[in-house]
Amino acid sequence: MRQTPPSGDNHVRTTDAFFGRVWSLAATVPRGKVTTYGAIARALGSPGAARTVGWAMRATPAESSVPCHRVVKMTGELSPEETFGGPGVQRSLLESEGVTFDAQGCVDMKHHLWIPA
DNA sequence: GCCGTGACGATTC
DNA sequence: CGAATCGCCACGG
């Protein structure tokens, strides 16, 4: 919905449906892959709005079909488990999708990092 | 229209 | 390499 024409025009108002745009883009992340806040913000036309993207994720209602668990930091670090409702919750979801983690407990970005066109 | 806030990012110490 | 700081942008009050 409201999917802006892919004709390479992301100049839409960053305000208004920024949240919705983030959710829509996050929903395009293929299963078994993860993306970063900065990547989404960049795809939206605001490379510096990584924080705002994370904010939208936090505001994402659980009933939403948005796989916010597939969105991680650029470093591969996951979001605060407590924010997800419990420790290891996000990690379990990602593992369930086939995502692997390194000894640091971070997502293997070099193999699962996916950036929206 | 200004201030504060925040699931980030990159740089500096 | 780890911690701390500044900068970024959007939203709420």
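Letters go in sequence order (proteins before strands), and every chain restarts at 1. Since the structure is predicted, the reported quantities are computational estimates derived from the model, not experimental observations.
DNA chain B is contacted by A:Ser79, A:Pro80, A:Phe84 of residues 76-107 of chain A, taking any non-hydrogen atom closer than 4.0 Å. Within a heavy-atom distance below 4.0 Å of DNA chain C, the residues of residues 49-61 of chain A found are A:Ala49, A:Arg51, A:Thr52, A:Trp55.
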Evaluate the side chain to side chain contact (heavy atoms under 4.5 Å, CB included) criterion for residues A:Thr36 and A:Lys73: first the C-alpha distance (whole Å), next the side-chain angles of each, then the deciding distance (0.1 Å), finally the verdict.
CA-CA 5 Å; A:Thr36 68; A:Lys73 295 188 191 179; over 6 Å; no
Would you sort out whether A:Phe101 and A:Val107 count as a side chain to side chain contact (heavy atoms under 4.5 Å, CB included), showing the intermediate values?
CA-CA 5 Å; A:Phe101 292 76; A:Val107 179; 3.6 Å; yes
Could you go through A:Val72 and A:Met109, starting from their C-alpha distance and side-chain angles, then the distance that decides it, and tell me whether this counts as side chain to side chain contact (heavy atoms under 4.5 Å, CB included)?
CA-CA 10 Å; A:Val72 300; A:Met109 304 302 282; 4.2 Å; yes
Stepwise side chain to side chain contact (heavy atoms under 4.5 Å, CB included) check, A:Arg70 with A:Thr35:
CA-CA 6 Å; A:Arg70 289 186 196 155; A:Thr35 187; 5.6 Å; no
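Looking at A:Trp23, its side chain does come within 3.5 Å of a backbone N or O of A:Ala56 through a donor-acceptor pair.
In summary, the side chains of A:Thr100 and A:His112 do present a donor paired with an acceptor at a separation below 3.5 Å, with no hydrogens or angles considered.
Atom C1' of nucleotide B:dA7 and atom CZ of A:Phe18 are separated by 14 Å, given to the nearest angstrom. Straight-line distance from the NZ atom of A:Lys73 to the C1' atom of B:dA7: 8 Å, rounded to whole Å. What separates CZ of A:Phe19 from P of B:dA7 is a distance of 12 Å, to the nearest Å. The CG-C1' distance, from A:Leu113 to B:dG9, rounds to 14 Å in whole Å. Between A:Trp23 atom CH2 and C:dC11 atom P the separation is 10 Å, expressed in whole Å.
Here A:Ser46 reaches the OP1 or OP2 of C:dA10: one of its side-chain N or O atoms lies under 4.0 Å away.
A:Tyr37 does not carry A:Arg51 over the face of its six-membered ring by the limits of under 6.0 Å from the centre and within 45° of the normal.
You'll find the side chain of A:Ile40 reaches within 4.5 Å of the side chain of A:Val71, heavy atoms only.
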